[in-house]
Amino acid sequence: MRIDYLTLFPEMFNILNHSIMKRSQDKGIVEINTVNFREYSNNKHNQVDDYPYGGGQGMVLKPEPIFNAMDSLDTTKNTRVILMCPQGKKFNQAKAEELAHSDHLVFICGHYEGYDERIRTELVTDEISLGDFVLTGGEYAAITMTDAIVRLIPDVLGNEVSHEDDSFSSGLLEHPQYTRPAEYRGMKVPEILLSGNHKLIDKWRHTESLKRTLERRPDLLDNYPLTEKDLIELEQLKNRINKG
């Protein structure tokens with residue numbers, strides 16, 4: 001996968017030269033490139049923003065620097081051009097899994113009040129928001145999304161199935177995890193995890209995932225394919241929670 005970032009602050013992406021992101025680049029799995037679109041401005045002051053037509057607060061990114069920067073990239077009809085925008089669809093695990101199958105991603109990162117609408121209508125394939133809050137710039141959201149996407153690409157993580165039990169990957173929050181020692185400061189690991197009975201362990205983990213999702217993110221259950229056993233178990237869990 002190749003990832004290009006159109007940004008006014010290329011140095012912000014230095015954080016991607018560490019940990020798993022660095023290893024993915026060292027392995028040749030991912031190629032990362034930053035483009036300072038200020039260099040593609042067509043005026044002597046390298047201005048990339050201007051006042052909005054019709055008046056209003058703030059400044060708007062001009063079309064020329066973004067279009068010119070896009071022209072400099074080797075794109076194809078399959079390139080996904082992502083506009084980091086609070087008006088976009090909210091980013092989630094399903095979108096990360098979808099984008100992980102792409103060969104080329106381009107993130108357009110803004111820093112002003114908005115974008116000239118022609119950027120949105122002519123260049124962009126995906127408008128994405130990280131959440132219902134405001135960030136100083138699109139770079140922060142693009143970096144977070146990149147981490148979520150790249151770790152799903154085969155061979156990036158040491159164990160290809162290591163992400164499958166992550167929260168949101170299955171549709172539920174992840175079950176509790178424990179490691180050695182079996183007892184620490186009087187706190188014991190659940191006996192079932194020490195039993196060696198993997199069928200019972202899997203059942204316990206699924207129940208704990210249901211419970212944790214019910215308590216913390218019940219909205220996720222609306223889209224999860226609940227079985228008849230799950231529905232019975234959830235009803236029992238709700239009764240226990242209500243009883244305190």
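Quantities reported herein were computed from a predicted structural model and do not represent experimental measurements.
Environment of CD in Gln57: sparse, with no more than 12 heavy atoms of neighbouring residues, nucleotides or ligands closer than 6.0 Å. Counted within 6.0 Å of CG on Asn242, heavy atoms from surrounding residues, nucleotides or ligands total more than 12; the atom is thus considered enclosed. Within a 6.0 Å sphere centred on NZ of Lys62, heavy atoms belonging to other residues, nucleotides or ligands number more than 12. Crowding of Glu183 atom CD: a count of heavy atoms from other residues, nucleotides or ligands under 6.0 Å exceeding 12. Few gaps surround CG on Asp26; more than 12 heavy atoms of other groups in view lie less than 6.0 Å from it. In the displayed structure, Glu191 atom CD is contacted under 6.0 Å by at most 12 heavy atoms of other residues, nucleotides or ligands.
Listed for the Lys27 side chain is a donor-acceptor partner under 3.5 Å among the backbone atoms of Asp155. A distance-only check finds no donor-acceptor pair linking the side chain of Glu127 to the backbone of Pro86 [under 3.5 Å]. In this structure, the side chain of Asp116 does not engage the main chain of Pro63 through any donor-acceptor pair within 3.5 Å. Not one N or O on the side chain of Asp147 forms a donor-acceptor pair closer than 3.5 Å with the backbone of Ile143. In this structure, Asn68 contributes its side chain and Pro65 its backbone to no donor-acceptor pair below 3.5 Å. At least one donor-acceptor pair closer than 3.5 Å links the side chain of Gln25 to the backbone N or O of Met21. Of the possible donor and acceptor atoms, one in the side chain of Thr227 sits under 3.5 Å from a partner among the backbone N and O of Asp230. Between the Ser24 side chain and the Val156 main chain, no donor and acceptor come within less than 3.5 Å of each other.
Side-chain atoms of His111 and Asp49 form no donor-acceptor pair, as typed in the model, at a separation below 3.5 Å. Judged purely by distance below 3.5 Å, without hydrogens or angles, the side chains of Glu64 and Ser41 never pair a donor atom with an acceptor atom.
Tyr51 and Val60 sit in two unconnected hydrophobic clusters of ILVMFWY residues. Membership requires side-chain heavy atoms under 4.5 Å apart, directly or through other members. Residues Met145 and Phe133 fall within the same hydrophobic cluster, defined by Ile, Leu, Val, Met, Phe, Trp and Tyr side chains chained together at heavy-atom separations under 4.5 Å. A continuous path of hydrophobic side-chain contacts links Val124 to Leu130 [ILVMFWY only; heavy atoms under 4.5 Å]. Residues Leu221 and Ile232 do not share a hydrophobic cluster, clusters being chains of Ile/Leu/Val/Met/Phe/Trp/Tyr side chains in contact below 4.5 Å. Linking ILVMFWY residues whenever their side-chain heavy atoms come closer than 4.5 Å, directly or via other members, places Ile20 and Ile3 in the same cluster.
Taking CG of Leu193 as the reference point, atom CD of Glu208 lies at 9.0 Å (rounded to 0.5 Å). To the nearest 0.5 Å, atom CZ of residue Phe37 and atom CG of residue Asn46 are 12.0 Å apart. For the atom pair CG of Asn36 and OG1 of Thr34, the computed distance is 8.0 Å after rounding to the nearest 0.5 Å. From Ile192, atom CD1 reaches atom CZ of Arg205 across 10.0 Å, with rounding to the nearest 0.5 Å. Remark: Leu8 CG to Arg38 CZ distance equals 5.0 Å, nearest 0.5 Å. Residue Leu220 holds its CG atom at 11.5 Å from CD of Gln93, rounded to the nearest 0.5 Å.
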#### Entry: Steps toward side chain to side chain contact (heavy atoms under 4.5 Å, CB included) verdict (Asp103, Arg2)
CA-CA 6 Å; Asp103 293 324; Arg2 175 183 171 89; over 6 Å; no

### Task
Would you please test Tyr40 and Val35 for side chain to side chain contact (heavy atoms under 4.5 Å, CB included) and show each step?
CA-CA 9 Å; Tyr40 291 87; Val35 178; 3.6 Å; yes

### Task
Starting from the C-alpha separation in whole Å, work towards a yes-or-no answer on side-chain hydrogen bond (donor to acceptor under 3.5 Å, both in side chains) for Gln87 and Ser129.
CA-CA 7 Å; Gln87 300 173 30; Ser129 168; over 6 Å; no

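Listed by first then second residue, pairs satisfying ring-ring contact (aromatic ring centres under 6.0 Å, His included) with a partner in residues 12-33 read Tyr5-Phe13, not counting sequence neighbours.
Looking only at side-chain heavy atoms (C-beta outward), Lys203 and Glu233 come within less than 4.5 Å of each other. Side chains of Lys95 and Ile128 form a contact here, defined as non-hydrogen atoms less than 4.5 Å apart. Side-chain contact between Ile241 and Glu215 is present, with heavy atoms from C-beta onward closer than 4.5 Å. Between Tyr224 and Thr213, every side-chain heavy-atom pair lies at or beyond the 4.5 Å cut-off. Between Met70 and Val106, some side-chain heavy-atom pair lies under the 4.5 Å cut-off. Between Ile149 and Thr146, every side-chain heavy-atom pair lies at or beyond the 4.5 Å cut-off. Side-chain contact between Leu210 and Leu172: present, with at least one pair of heavy atoms (C-beta onward) separated by less than 4.5 Å. Between Gln236 and Arg240 the shortest side-chain heavy-atom distance falls below 4.5 Å.
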Just list the side-chain donor-acceptor pairs under 3.5 Å for residues 73-85, sequence neighbours left out, or say none.
residue	atom	partner	partner atom	Å
Thr76	OG1	Asn78	N	3.1
Thr79	OG1	Thr76	N	2.9
Thr79	OG1	Thr76	O	3.3
Thr79	OG1	His104	ND1	3.0
Arg80	NE	Asp126	OD1	2.8
Arg80	NH1	Glu98	OE2	3.3
Arg80	NH2	Glu98	OE2	2.6
Arg80	NH2	Asp126	OD2	2.9

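Closest non-hydrogen pair, Leu173 versus Arg212, comes out as CD1-O, 3.8 Å. Of all heavy-atom pairs spanning Leu194 and Ala182, the tightest one is CD1-CB, 4.3 Å. Nearest heavy atoms, Phe91 versus Ala96: CZ-CB, 3.6 Å. The two residues Gly58 and Pro52 come nearest to each other via the heavy atoms O-CD, 3.4 Å. The heavy-atom pair separating Ala100 from Leu152 by the smallest distance is CB-CB, 3.9 Å. What you find for Ala69 and Leu6 is that their closest heavy atoms are CB-CD2, 3.8 Å.
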